[in-house]
Amino acid sequence: MLKKIYRFFIFLFVSSLVYVIIIKLVEPPITITQITNAFGLGLKRDYVSWNDMSYNIKLAALASEDQSFTDHSGFDWDAIEKSLRPKKKKKSKIPIGGGASTITQQTAKNVFLWQGGKYDKYIRKIPEVYFTFLIEWVWGKKRILEVYLNVIETGPGCFGVEAAAQHYFHKSAKNLSRAEAAMIVAGFPNPKKFTARPMTRRVSWRYPQILREMNNIEGDEDVRALLKK
């Protein structure tokens with residue numbers, strides 16, 4: 001019995017490792033989240049390469065979602081610690097630098113797993129941790145950010161920044177301005193609800209903050225090195 005369990009886990013590890021290596025080289029197939037959306041809102045996605053994404057959309061994602069992306073190994077432990085502290089009763093605005101979930105974690109969840117509900121998100125956490133470590137080890141930062149920007153939900157029925165650029169601004173993701181990139185990223189928390197056009201209240205409040213943070217992190221040596229690759 002123990003041998004069977006051992007072989008089963010070895011099989012899971014080897015097969016997942018092989019799949020992660022494959023996705024390092026080719027674009028990921030349709031995800032669970034994309035499938036579930038396709039039945040309601042339809043599915044618009046068009047994967048593009050790193051060089052076909054504007055510098056602005058990459059910088060906007062880092063500024064809004066994970067300013068420690070170039071420094072951590074998959075998890076932002078400082079942000080996690082803050083998220084575990086008792087919440088104050090008064091409402092506070094969403095922090096500029098994003099929440100405790102890093103871009104690597106979001107990529108692992110979006111590509112290999114599913115969006116967690118109220119209870120099943122706890123079941124998802126264990127494989128999410130595993131895939132987060134694995135893609136940091138196998139893919140590296142550039143590939144993680146590239147895949148992230150191709151698979152993340154960016155609007156009603158839209159996945160990836162190319163679909164969002166075409167949907168909202170009728171242009172390629174390669175030609176997005178700083179403001180347009182910030183508007184798209186401002187809707188990431190709930191892209192079905194927070195849209196760039198028509199611009200919702202949340203996006204109009206959030207995107208100028210993202211623009212300021214883009215200016216703030218742009219001079220960081222690690223950020224410059226990553227985005228110049």
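These figures come from a predicted structure and were not determined experimentally. We use all heavy atoms of the structure for the numbers below, so side chains are in, but hydrogens, waters and symmetry mates are not.
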Quick check with a 6.0 Å cut-off and a 45 degree axis cone: is Arg45 positioned over the face of Tyr47's six-membered ring?
yes

For Asp46 versus Asn150, what's the shortest heavy-atom pair and its separation?
O-OD1, 4.2 Å

When you compare the side chains of Glu162 and Gln166, does any donor N or O come within less than 3.5 Å of an acceptor on the partner?
yes

Leu145 and Thr107, any side-chain heavy atoms less than 4.5 Å apart
no

Which heavy atom in Thr33 sits nearest to a heavy atom in Thr36, and how many Å separate them?
O-OG1, 2.7 Å

Give me the one residue out of Phe112, Tyr19, Phe13, Trp137 that meets ring-ring contact (aromatic ring centres under 6.0 Å, His included) with Phe131.
Phe112

Within the 3.5 Å criterion, strictly below it, is a donor on Ser73 or Glu136 matched to an acceptor on the partner's side chain?
no

Would you please test Lys58 and Trp50 for side-chain contact (heavy atoms from CB on, under 4.5 Å) and show each step?
CA-CA 9 Å; Lys58 300 167 192 172; Trp50 177 265; 3.3 Å; yes

Please find the pair of heavy atoms, one from Ala163 and one from Lys44, that lie closest to each other, and give the distance.
CB-O, 3.4 Å

Do Thr154 and Leu149 have side-chain heavy atoms sitting under 4.5 Å apart?
no

With a 4.5 Å limit on heavy-atom distance, are the side chains of Phe75 and Gln105 in contact?
yes

Ile21 and its side chain to side chain contact (heavy atoms under 4.5 Å, CB included) partner, picked from Val18, Leu17, Ile23
Leu17

Identify whether NZ of Lys or CZ of Arg in Lys141 sits under 6.0 Å from the centre of the six-membered ring of Phe69 and within 45° of that ring's axis.
yes

May I ask you to decide if Ile135's main-chain N or O and Lys24's side chain share a donor-acceptor pair within less than 3.5 Å?
no

Counting C-beta onward and ignoring hydrogens, is there a side-chain heavy-atom pair between Ser54 and Asn175 closer than 4.5 Å?
no

If you look only at distance, which donor and acceptor atoms sit under 3.5 Å apart when one is on a side chain in residues 177-192 and the other is two or more places apart or in another chain?
from	atom 1	to	atom 2	distance (Å)
Ser177	OG	Glu180	N	3.1
Ser177	OG	Glu180	OE1	3.3
Arg178	NH1	Glu218	OE2	3.3
Arg178	NH2	Asn215	OD1	2.9
Arg178	NH2	Glu218	OE1	3.2
Glu180	OE1	Lys171	NZ	3.0
Glu180	OE1	Ser177	N	3.0
Glu180	OE2	Lys171	NZ	3.2
Asn190	OD1	Lys193	N	3.4
Lys192	NZ	Asn37	OD1	3.1
Lys192	NZ	Glu153	OE1	3.4
Lys192	NZ	Glu153	OE2	2.7

Can you find a heavy atom in the side chain of Thr132 that is under 4.5 Å from one in the side chain of Glu128?
yes

Heavy-atom closest contact (Pro29 atom, Gln34 atom, distance):
O-OE1, 4.5 Å

Does any non-hydrogen side-chain atom of Met53 lie less than 4.5 Å from one of Leu176?
no

Would you please say whether a donor-acceptor pair under 3.5 Å links the side chains of Ser68 and Asp71?
no

Write down the atom of Arg143, the atom of Pro28, and the distance for their closest heavy-atom approach.
NH2-CD, 4.5 Å

Minimum heavy-atom distance between Ala196 and Val203, given as atom pair plus value
CA-CG1, 4.4 Å

In Å and rounded to the nearest 0.5 Å, what is the OG1 to CD1 distance from Thr104 to Ile144?
4.0 Å

Side-chain donor-acceptor contact under 3.5 Å, Tyr130 with Ser16:
yes

